[in-house]
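Data first, discussion second: the structure below is written as structure tokens.
Side chains included, hydrogens not; waters and symmetry mates left out as well; all remaining heavy atoms used. In this text the structure is predicted, and so the values were computed from the model without any measurement.
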Amino acid sequence: MFPSFYISHGSPMLALDAGKTGLAWQALVADLPKPKAILMVSAHWGSLQPAVGAASQPETIHDFGGFPAALFDLQYPAPGAPWLAEKVAAVLEAAGLPVAIHPSRGLDHGAWVPLRVMYPKADVPVVQLSIQPRQGPEHHFRLGQALAGLQQEGVMIIGSGSLTHNLYEVMGDITEGDPRVPAYVPAFQAWMNEKLLANDINALLDYRRQAPEASRAHPSDEHLLPIFVVMGAAQGGKVERSHSGITGGVLAMDVYRWQD
């Protein structure tokens, strides 16, 4: 059974130089056999109801602006997996979660930036599942629960977002340990780590009320919603934090792994 992951994908510039975060991404899969396919839940594809991409050859979506031309030249030509898209749709519908199949959806940077580091040969098929920004953690946890059996079929489930994500406060190249890092960032990291390791699902689903300065750490939910999908899919499996960092002063780059 494959582990599940939540990764903080950071700036698109990590596609050019992933640094310490890239080493953490590489380490996640270094000891694993190649999965049959990857189901990627990225913060950068939102829809009113769940949607799954079924393109046989997903395009590389450069869904950002104002970056160097070299970034727009990058491609990640991983194949799609229409069979997995159909499987995902079937299990979600069986769980009472209406789902649409998108025949041409490509891979956004929340997917291809880390995958270029994790699987640089682009030889693992990838399917994306959308999040629903208007619905909260409980809905996404339920999505994950419906998908749990896929790991036993050789599918790796990855949620891609950012453990904290307040773009209004980004501060250049400031990293962890710098006194200018706002106190709420490490406080939110510590709270999430404590609750995840304790498998305190109720507290995590209620993070906006219980976590320290949650509305500042996440002015909107979308970059944390993928973690709830992974939590649901993991079904209480053992979790460990394999990387913790801060970039831009306020973007927590934590990476988590769930293992049965």
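Within the 4.5 Å cutoff, no side-chain heavy atoms of Trp83 are placed close to those of Pro125. Taking 4.5 Å as the limit, some side-chain heavy atom of Phe67 sits within range of a side-chain heavy atom of Ser11. Counting only heavy atoms from C-beta outward, the side chains of Val239 and Leu197 approach each other to under 4.5 Å. At a threshold of 4.5 Å between non-hydrogen side-chain atoms, the residues Val88 and Val99 do not count as touching. Proximity of Val185 to Gln189: side-chain heavy atoms (C-beta onward) are separated by under 4.5 Å at one or more points. The shortest distance between side-chain heavy atoms of Arg142 and Leu97 falls below 4.5 Å. Here the side chains of Leu107 and Trp45 are not in contact, with every heavy-atom distance at 4.5 Å or above. Side-chain contact between Tyr119 and Val29: present, with at least one pair of heavy atoms (C-beta onward) separated by less than 4.5 Å.
Here the straight-line distance linking atom CD of Gln128 with atom CG of Leu39 works out to 9.0 Å at 0.5 Å rounding. To the nearest 0.5 Å, atom NE2 of residue His102 and atom CG of residue Leu129 are 13.0 Å apart. Put simply, CG on Leu224 and CG on Leu204 are 8.5 Å apart, with the number rounded to the nearest 0.5 Å. Taking CG from Leu143 and CE from Met231, the interatomic distance works out to 13.0 Å, rounded to the nearest 0.5 Å. A distance of 8.5 Å separates CG of Asp221 from CD1 of Ile131, quoted to the nearest 0.5 Å. How far CD1 of Ile174 is from CZ of Arg180: 3.5 Å, rounded to the nearest 0.5 Å.
Within the 3.5 Å criterion, the main-chain N or O of Ile61 finds a donor-acceptor partner in the side chain of Trp112. Put simply, the side chain of Thr60 gets close to the backbone of Tyr76: a donor and an acceptor are under 3.5 Å apart. Judged by distance alone, with hydrogens and angles left aside, the side-chain atoms of Glu222 form no donor-acceptor pair with the main-chain N or O of His44 at under 3.5 Å. Checking side-chain atoms of Ser130 against main-chain N and O of Ala51 turns up a donor-acceptor pair under 3.5 Å. In terms of modelled atom types and a separation under 3.5 Å, the side chain of Arg208 and the main chain of His218 share a donor-acceptor contact. Within the 3.5 Å criterion, the main-chain N or O of Gly232 finds no donor-acceptor partner in the side chain of Gln145. Asp63 places a side-chain N or O within 3.5 Å of a backbone atom of His109 that can act as its donor or acceptor partner. A donor-acceptor contact shorter than 3.5 Å links the side chain of Arg116 to the backbone of Ala15. Side-chain atoms of Arg134 never come within 3.5 Å of backbone atoms of Ser47 as a donor-acceptor pair (strictly under, hydrogens ignored).
Remark: Lys20 is not positioned above the aromatic ring of Trp25, lacking an NZ or CZ atom under 6.0 angstrom from the ring centre and at most 45 degrees off the axis.
Nearest heavy atoms, Ala187 versus Pro212: O-CG, 3.6 Å. The shortest heavy-atom contact between Gln259 and Pro3 is OE1-CB, 3.3 Å. The two residues Ser8 and Thr21 make their nearest non-hydrogen contact at O-CG2, 4.2 Å. Between Pro98 and Pro50, the closest heavy-atom pair is O-CD, 3.3 Å. Here the closest heavy-atom approach between residue Gly22 and residue Val117 is recorded as O-CG1, 3.4 Å. Closest approach of Leu32 and Leu28 over heavy atoms only: CD1-O, 3.6 Å.
Asp254 and Tyr6 share no side-chain donor-acceptor pair at under 3.5 Å.
Note on Leu251: it does not cluster hydrophobically with Met192, by side-chain heavy-atom contacts below 4.5 Å among ILVMFWY residues. In the hydrophobic cluster analysis, where Ile, Leu, Val, Met, Phe, Trp and Tyr join through side-chain heavy atoms closer than 4.5 angstrom, Ile101 is grouped together with Val41. Following chains of ILVMFWY side-chain contacts shorter than 4.5 Å, one cannot reach Val113 starting from Leu23, and the two form parts of different hydrophobic clusters. The cluster map of Ile, Leu, Val, Met, Phe, Trp and Tyr, joined by side-chain heavy atoms under 4.5 Å apart, puts Leu14 and Ile246 in different clusters. Under the 4.5 Å side-chain heavy-atom criterion for grouping Ile, Leu, Val, Met, Phe, Trp and Tyr, Ile7 is connected to Leu16 within one hydrophobic cluster.
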task: Please step through side-chain contact (heavy atoms from CB on, under 4.5 Å) for the pair Leu196 and Trp258, ending with a clear verdict.
output: CA-CA 10 Å; Leu196 285 165; Trp258 282 259; 3.8 Å; yes
message: side-chain contact (heavy atoms from CB on, under 4.5 Å) for Leu71 and Met13? Distances and angles first, verdict last.
response: CA-CA 7 Å; Leu71 195 56; Met13 289 296 291; 4.2 Å; yes
task: Could you please spell out the steps behind the side-chain contact (heavy atoms from CB on, under 4.5 Å) verdict for His140 and Gln132?
output: CA-CA 8 Å; His140 290 84; Gln132 287 68 69; 4.0 Å; yes
task: For the pair Ile38 and Val127, evaluate side-chain contact (heavy atoms from CB on, under 4.5 Å) and give the outcome as yes or no after the intermediate values.
output: CA-CA 6 Å; Ile38 293 170; Val127 165; over 6 Å; no
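Heavy-atom contacts from other residues, nucleotides or ligands closer than 6.0 Å to CG of Asp123 number more than 12. Lys195 NZ: more than 12 foreign heavy atoms inside a 6.0 Å radius. Counting non-hydrogen atoms of other residues, nucleotides and ligands closer than 6.0 Å to CG of Asp17 gives a total of 12 or fewer. Atom CD of Gln210 is surrounded by more than 12 heavy atoms from other residues, nucleotides or ligands within 6.0 Å.
Electrostatic pairing of Asp31 and Arg257 counts as a salt bridge here, judged by a charged N lying under 4.0 Å from a carboxylate O.
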Enumerate, atom names and distances included, each donor-acceptor pair closer than 3.5 Å involving a side-chain atom of residues 153-166, sequence neighbours excluded.
{"from": "Ser160", "atom 1": "OG", "to": "His9", "atom 2": "ND1", "distance (Å)": "2.8"}
{"from": "Ser160", "atom 1": "OG", "to": "Gly110", "atom 2": "O", "distance (Å)": "2.6"}
{"from": "Ser162", "atom 1": "OG", "to": "Thr164", "atom 2": "O", "distance (Å)": "2.5"}
{"from": "Ser162", "atom 1": "OG", "to": "Ala252", "atom 2": "O", "distance (Å)": "3.4"}
{"from": "Thr164", "atom 1": "OG1", "to": "Val250", "atom 2": "O", "distance (Å)": "2.7"}
{"from": "Thr164", "atom 1": "OG1", "to": "Ala252", "atom 2": "N", "distance (Å)": "2.8"}
{"from": "His165", "atom 1": "ND1", "to": "His223", "atom 2": "ND1", "distance (Å)": "3.4"}
{"from": "His165", "atom 1": "NE2", "to": "His223", "atom 2": "NE2", "distance (Å)": "3.4"}
{"from": "Asn166", "atom 1": "OD1", "to": "Tyr168", "atom 2": "N", "distance (Å)": "3.1"}
{"from": "Asn166", "atom 1": "ND2", "to": "Glu169", "atom 2": "OE2", "distance (Å)": "3.3"}
{"from": "Asn166", "atom 1": "ND2", "to": "Arg216", "atom 2": "O", "distance (Å)": "2.8"}

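By the 30° and 60° cut-offs, the orientation of the rings of His62 relative to Phe64 is perpendicular.
Aromatic ring centres of His139 and Phe228 lie farther apart than the 6.0 Å criterion allows.
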